[in-house]
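See below for the structure under consideration.
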Amino acid sequence: MYNLIGAGLIVIGGGIGLGQIGGKAMEGIARQPEAAGKIQTAMIIIGALLEGLAFGALILGK
Amino acid sequence: MVAKKSIKFIKFLVLFLVSFNGFAGGDKNPQGNTIDTPDEIREYISHHLKDSHDFHFFTDNASGTHYSFPLPVIVWTSEGLKTFMSSAFHHDDAGHVVVEKGGVKLTKIHSKIYELESGASSVSFDEDHHATNAHKVLDFSITKSVFGMLLAGLLMFLGFVALAKSYKKGPIPTGFGRVLEPLVIYVRDDIARPNIGDKKYRKFMGFLLTVFFFIWILNLLGLTPLGFNVTGQIAVTVCLAIFTAIIYLFSASKDFWAHTLWMPGVPVILRPILAVIELVGFVLIKPFSLLVRLFANMTAGHFVVMSLIALMITLKKDFGPIGSTGMSLVLALFISVIEILVAFLQAFIFTMLSSLFIGMAVEEHDHH
Amino acid sequence: MVAEAVLKKIKQKKLSNLYSMETLLNDFSVGLFVMQAVILLIIILLMRKFAWKPILNALDEREGGIANALKSAENAKLEMQNLQADNQRLLKEARAEREEMLKEARDMKNKIIEDAKTEASDTANKLVAQAQASIESEKKAAIADLKSQVANLSLEIAEKVVRTELSNKDKQLQLVETMLGEKSLN
């Protein structure tokens with residue numbers, strides 16, 4: 001039961017983080033469309049790091 | 001040319017697989033009934049997510065025939081190396097069938113092969129699911145995952161050697177090489193070069209390119225109905241991550257070690273703490289995040305796709321056969337398309353992060 | 001109802017056993033790990049030798065070739081421009097030379113005409129002078145001749161007069177006087 005609550009919290013945290021990353025990246029691209037490629041790559045890398053963190057927590061927490 | 005060849009190869013492979021029907025057919029399914037309850041579905045999915053010792057396509061429940069072909073089992077037991085075909089287990093995965101080979105009694109439970117101790121006729125478990133009268137053997141079998149890896153390696157080898165050879169005829173590749181060449185250039189110019197640097201990237205291209213295409217092909221193979229789940233095996237991702245870790249730790253520059261173990265510009269008291277944190281980060285956390293990300297993404301993808309396909313059965317009561325089939329078809333199609341993207345993305349991210357870590361390790365800091 | 005069923009299942013540990021660390025460790029197959037390591041190593045080595053090295057070398061070669069081609073095209077363009085500039089210069093020079101030559105020719109022509117003119121006028125002048133000189137001398141000769149003839153004539157006349165009218169001395173003198181007055185030609 002607590003496991004599931006923990007998993008939910010992790011997903012909420014990860015979701016907020018991904019939202020922040022995506023939103024800021026969009027803003028950045030809107031401000032500087034010519035830097036879209038670089039921003040996307042950086043966004044994916046940070047997203048991947050966040051994802052790894054969230055998955056790690058999910059697996060370790062269970 | 002190459003495309004034709006590879007199509008021929010796939011045709012051959014399909015024929016090869018199908019021709020095993022006669023060989024494998026005729027074994028009676030021990031359980032024998034249709035999978036229709038949620039528990040059975042969950043069991044089926046978790047079985048699929050695991051590695052298996054034979055290549056199973058489907059089971060005809062009416063006649064109880066398995067359409068599959070066996071793969072070789074190679075195990076290291078207390079009596080030495082034993083090899084036999086997995087058909088000896090007769091599709092049993094619950095420890096009912098015991099295979100005797102040269103004085104060793106072997107049985108298979110949930111895709112794990114156990115060696116029974118003398119006198120025992122079946123594995124018994126204690127409360128914590130530890131076997132009391134048997135132990136697991138070192139299993140070097142050509143399992144489905146190993147078979148998938150060999151297949152991916154072969155596909156890769158054929159495709160890229162053909163591309164390499166086409167350069168001897170002219171500067172521009174022909175046929176399927178035209179598809180592969182931009183991918184190689186993409187890995188080189190968008191993944192390796194910006195992260196590792198123009199001077200040092202060349203040394204790591206062999207590893208990065210191989211890993212990129214290996215993971216990508218295996219991820220895509222996982223989306224085919226052949227039912228591979230190679231990159232969803234924790235052992236496989238652990239191995240990939242350890243390869244990356246070994247490469248960046250052993251190619252690290254002096255600067256890297258100096259900065260990691262004795263960070264300049266930080267109070268001396270903090271330096272050992274930082275050293276421990278950095279070391280743990282590079283030796284454990286970074287490889288761990290690499291392996292867990294790939295494993296969890298692929299497992300979750302397979303789980304979701306299979307669960308959505310299973311909606312066909314679980315929602316039949318509420319929506320009727322046509323409604324549930326339509327729903328599961330639409331949803332599974334949607335998720336499958338996303339999974340194609342994820343298959344690429346995970347290969348890309350693994351390679352990207354590997355090259356990022358390698359870049360961190362080989363970087364030469366300019367001395368101020 | 002549904003929640004109760006879910007709780008029951010969780011209690012039976014059926015939902016949560018899919019992804020626990022324990023299951024993961026249990027699923028970890030050392031044999032598969034070893035096989036994967038061996039296969040990956042072999043694939044990396046094979047691919048490096050037979051695929052990546054030739055492909056990357058060919059790509060480098062091609063890119064180098066393209067860069068060289070671009071550079072030489074640039075060079076050719078520059079050379080072309082130089083050539084064109086040269087041509088322009090040569091053309092200009094040639095035009096200037098032609099101009100010069102034309103000018104020279106024109107000058108020469110003018111000079112020749114001028115020379116011819118001066119020569120002609122000189123010659124004419126000389127001729128006129130000669131003619132005048134000869135006319136003068138002719139005139140002088142004629143006058144001298146006339147004078148001598150006049151003298152002769154007057155002597156003849158005087159002779160005749162003297163012969164005829166020598167009687168009258170006054171009259172004779174008067175006559176000489178008139179005759180001499182009449183004869184003062186120069």
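Every heavy atom of this structure was used, including side-chain atoms; hydrogens, water molecules and symmetry mates were not. Lettering of chains follows the sequences in order, A, B, ..., and the numbering in each one begins at 1.
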Would you mind checking which part of B/Ile142 comes under 4.5 Å of any heavy atom in chain C, side chain (CB onward), backbone (N, CA, C, O), both or neither? side chain
Given B/Lys136, B/Lys168, B/Lys112, the one with more heavy-atom pairs under 4.5 angstrom with chain C than any other is B/Lys112
Which residues in residues 204-213 of chain B have a heavy atom less than 4.5 Å from any heavy atom of chain C? B/Met205, B/Gly206, B/Phe207, B/Leu209, B/Thr210, B/Phe213
Should C/Glu63 and B/Arg188 count as an ion pair when the cut-off is N to O under 4.0 Å? yes
In terms of heavy-atom contacts, B/Tyr167 and C/Arg62 come closest through CE2-NH1, 4.1 Å
Could you state the interatomic distance from CG (C/Leu32) to CZ (B/Phe140), rounded to the nearest 0.5 Å? 11.0 Å
Picking from C/Leu56, C/Asn57, C/Val30, which has the most non-hydrogen pairs under 4.5 angstrom with chain B? C/Leu56
Taken in chain and number order and not counting sequence neighbours, the residues that satisfy ring pair (Phe, Tyr, Trp, His ring centres under 6.0 Å) with B/Phe84 are B/Phe89
Determine whether C/Phe33 and B/Ile242 make a side-chain contact, defined as any pair of heavy atoms from C-beta on separated by less than 4.5 Å. yes
Mind checking the CD-CD1 spacing from B/Glu181 to C/Ile55? Nearest 0.5 Å is all I need. 8.5 Å
Proximity breakdown for B/Val236 and chain C, heavy-atom pairs closer than 4.5 Å: both
Which atom of B/Ile234 lies closest to which atom of C/Phe28, heavy atoms considered: CG2-CA, 3.7 Å
Could you tell me the separation between the CE atom of C/Met35 and the OG atom of B/Ser145, rounded to the nearest 0.5 Å? 11.0 Å
Checking heavy atoms, do the side chain of B/Phe243, its backbone, both or neither come under 4.5 Å from chain C? side chain
Toward chain C, the part of B/Phe214 with a non-hydrogen atom under 4.5 Å: side chain
Please list every donor-acceptor pair under 3.5 Å in which a side-chain atom of residues 86-102 of chain C meets a protein atom from a residue at least two apart or in another chain.
| unit_1 | atom_1 | unit_2 | atom_2 | d |
| --- | --- | --- | --- | --- |
| C/Arg89 | NH1 | C/Glu93 | OE2 | 3.2 |

Chain B contacts: which residues in residues 42-54 of chain C have a non-hydrogen atom closer than 4.5 Å to it? C/Ile43, C/Ile44, C/Leu46, C/Met47, C/Arg48, C/Phe50, C/Ala51, C/Trp52, C/Lys53, C/Pro54
Side chain proximity check, C/Gln36 to B/Leu240, heavy atoms < 4.5 angstrom: yes
If you draw a 6.0 Å radius around NZ in B/Lys165, do more than 12 non-hydrogen atoms from other residues or ligands fall strictly inside? no
Chain B heavy atoms under 4.5 Å from C/Ile39: which part of the residue, side chain, backbone, both or neither? side chain
